[in-house]
Amino acid sequence: MKKLAVVGAGSMAEALISGIVESRLITGDNIWVTNKGNEEKLQFMQKTYGVQATYNLEKIFKGAEAVILAIKPKDAADAITLIKPYLKTDMLIISVLAGVSIESIELLAERKLPVVRAMPNTSAAVGKSASALSVNERVTTKQMELVKEMFETVGMAAFVEEKQLDAVTGLSGSGPAYIYYLAEAMEKSAEEIGLEKEMAKEFIIQTLIGAAEMLAKSAKEPQQLRKEVTSPGGTTEAGVKVLEENGVQKAFIECIKQATAQSQRLGHSFSSTVKI
Ligand SMILES: NC(=O)C1=CN([C@@H]2O[C@H](COP(=O)(O)OP(=O)(O)OC[C@H]3O[C@@H](n4cnc5c(N)ncnc54)[C@H](OP(=O)(O)O)[C@@H]3O)[C@@H](O)[C@H]2O)C=CC1
Ligand SMILES: O=C(O)[C@@H]1CCC=N1
């Protein structure tokens, strides 16, 4: 790709840019980044990834083949209204906004555009994102290949139907936070059972990596893998009993349902403002 424009320079934009630059899919000098006003962050991006950072929208969009929208849903209406004059009908729009539909983006831009709606996660920063991609009918096969290649620089990527994106958001978009929540609980417990913090941290991380790798490499279901850890009358059984008594699995299921519902709510409230 000759030139990529990135609107927003927060955690998601940075994770994507770091992967793209590291893989050399697009060189830093062909990536143009802007944000709302945090100049320090723009300078950091320029220094760290060799990208072009500016508030001059003319410069950012001139000749850009694709635009990544990496702003929060609450800022999307203002940002898209601001960049609207620079969007060309053949410019590929790649939105990572949770909940915001392809239709809403086109309505705000007031033109038909090739739009990819993507849902990555922050593990993109270490090349391990799970990214779901959804396209409208204006996205060409070549653009689909390009965008898949782009998201594969930061992990795995697969196309899904747009209606599945809220569920993907609740499951894997927010997913890293659920794992960090578990890690927090493990760290807190380590202190209470008399383990030194730093040492415990190493054991926790390796346990999470090991379990994830077992899930990835073994043909066995998670329940079977859990059974294999659980000796009758042993320690795991005693521990998992408490999780069951406290409805932890149920709570995780409810958590993912609520995150999915919130993605739907964000989308609905956004599209109702766009249509007014
Ligand atoms: N974080 C995550 O785990 C994931 C996030 N997403 C989606 O990614 C998007 C971005 O999230 P995240 O990176 O976490 O958010 P951040 O808050 O880290 O970054 C938001 C960025 O948007 C910029 N911005 C706000 N308004 C404008 C504007 N008018 N013009 C240009 N830039 C603007 C901000 O600039 P400034 O700093 O100057 O205010 C900032 O750089 C969200 O829509 C979210 O739904 C998707 C998957 C996972
Ligand atoms: O919490 C959020 O809304 C964003 C979308 C998925 C992960 N973070």
Side-chain angles (χ1 to χ4, degrees), residues 5-19 31-46 48-49 51-61 64 67-87 93-102 104-105 108-109 115-126 128-134 150-151 154-157 160 164-181 255-256 258-271:
V6 185
V7 180
S11 44
M12 211 54 248
E14 185 176 351
L16 289 171
I17 287 170
S18 71
I31 300 177
W32 290 70
V33 190
T34 193
N35 64 9
K36 193 172 183 183
N38 186 344
E39 285 185 39
E40 217 176 294
K41 181 67 193 274
L42 277 196
Q43 277 167 16
F44 166 84
M45 298 289 285
Q46 195 157 15
T48 313
Y49 305 106
V51 296
Q52 314 263 12
T54 176
Y55 291 105
N56 183 330
L57 295 181
E58 185 85 47
K59 274 191 179 171
I60 292 170
F61 289 102
V67 182
I68 296 182
L69 297 178
I71 56 229
K72 295 273 188 201
K74 70 172 176 58
D75 297 317
D78 282 353
I80 296 173
T81 306
L82 207 68
I83 66 172
K84 195 166 60 180
Y86 306 95
L87 301 178
I93 309 297
I94 304 164
S95 163
V96 297
L97 278 74
V100 177
S101 70
I102 292 177
S104 295
I105 291 168
L108 270 173
V115 183
V116 178
R117 198 177 141 193
M119 184 41 61
N121 66 34
T122 46
S123 304
V126 291
K128 300 283 183 199
S129 174
S131 306
L133 310 170
S134 193
M150 190 182 280
F151 279 87
V154 293
M156 64 77 73
V160 302
Q164 296 175 306
L165 275 181
D166 291 319
V168 170
T169 305
L171 186 72
S172 57
S174 299
Y178 313 149
I179 306 299
Y180 300 141
Y181 188 77
C255 152
I256 292 164
Q258 278 305 319
T260 301
Q262 181 64 6
S263 179
Q264 287 163 348
R265 283 190 288 268
L266 284 173
H268 290 149
S269 69
F270 191 86
S271 59

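Read the numbers this way: they start at 1 and go in the same order the structure lists the ligands and their atoms.
Near ligand 1, residues Val7, Gly8, Ala9, Gly10, Ser11, Met12, Asn35, Lys36, Gly37, Asn38, Ala70, Ile71, Lys72, Pro73, Asp75, Ala79, Val96, Leu97, Ala98, Met119, Pro120, Thr122 come within 4.0 angstrom through at least one heavy atom.
Met45 places none of its side-chain heavy atoms less than 4.5 Å from the side chain of Val6.
Under the side-chain hydrogen bond (donor to acceptor under 3.5 Å, both in side chains) criterion, Lys36 pairs with no residue at all, not counting sequence neighbours. Gln52 meets the side-chain hydrogen bond (donor to acceptor under 3.5 Å, both in side chains) test with no other residue; sequence neighbours excluded.
The nearest protein atom to atom 7 (C) of ligand 2, hydrogens excluded, is given as Gly173 O, 3.4 Å; this is a heavy-atom distance. When only non-hydrogen protein atoms are considered, atom 1 (O) of ligand 2 lies nearest to Ser174 OG, 4.5 Å.
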Sequence neighbours left out, cut at 3.5 Å: what donor-acceptor pairs do the side chains of residues 118-126 make with other protein atoms?
| residue | atom | partner | partner atom | Å |
| --- | --- | --- | --- | --- |
| Asn121 | OD1 | Ser123 | N | 3.1 |
| Asn121 | ND2 | Ser172 | O | 2.9 |

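Across all their heavy atoms, Ala64 and Ile60 have their closest contact at CB-O, 3.9 Å.
Lys59 places no side-chain N or O within 3.5 Å of a backbone atom of Thr54 that could act as its donor or acceptor partner.
Atoms of ligand 2 lying under 4.0 Å from at least one heavy atom of Ala98, given by number and element, are 5 (C).
Salt bridge Asp78/Lys72: absent, no basic N to carboxylate O contact under 4.0 Å.
The aromatic rings of Tyr86 and Phe61 sit parallel, their planes meeting at an angle under 30°, below the 60° perpendicular limit.
Within the 4.0 angstrom cut-off, atom 5 (C) of ligand 2 has one or more protein heavy-atom neighbours.
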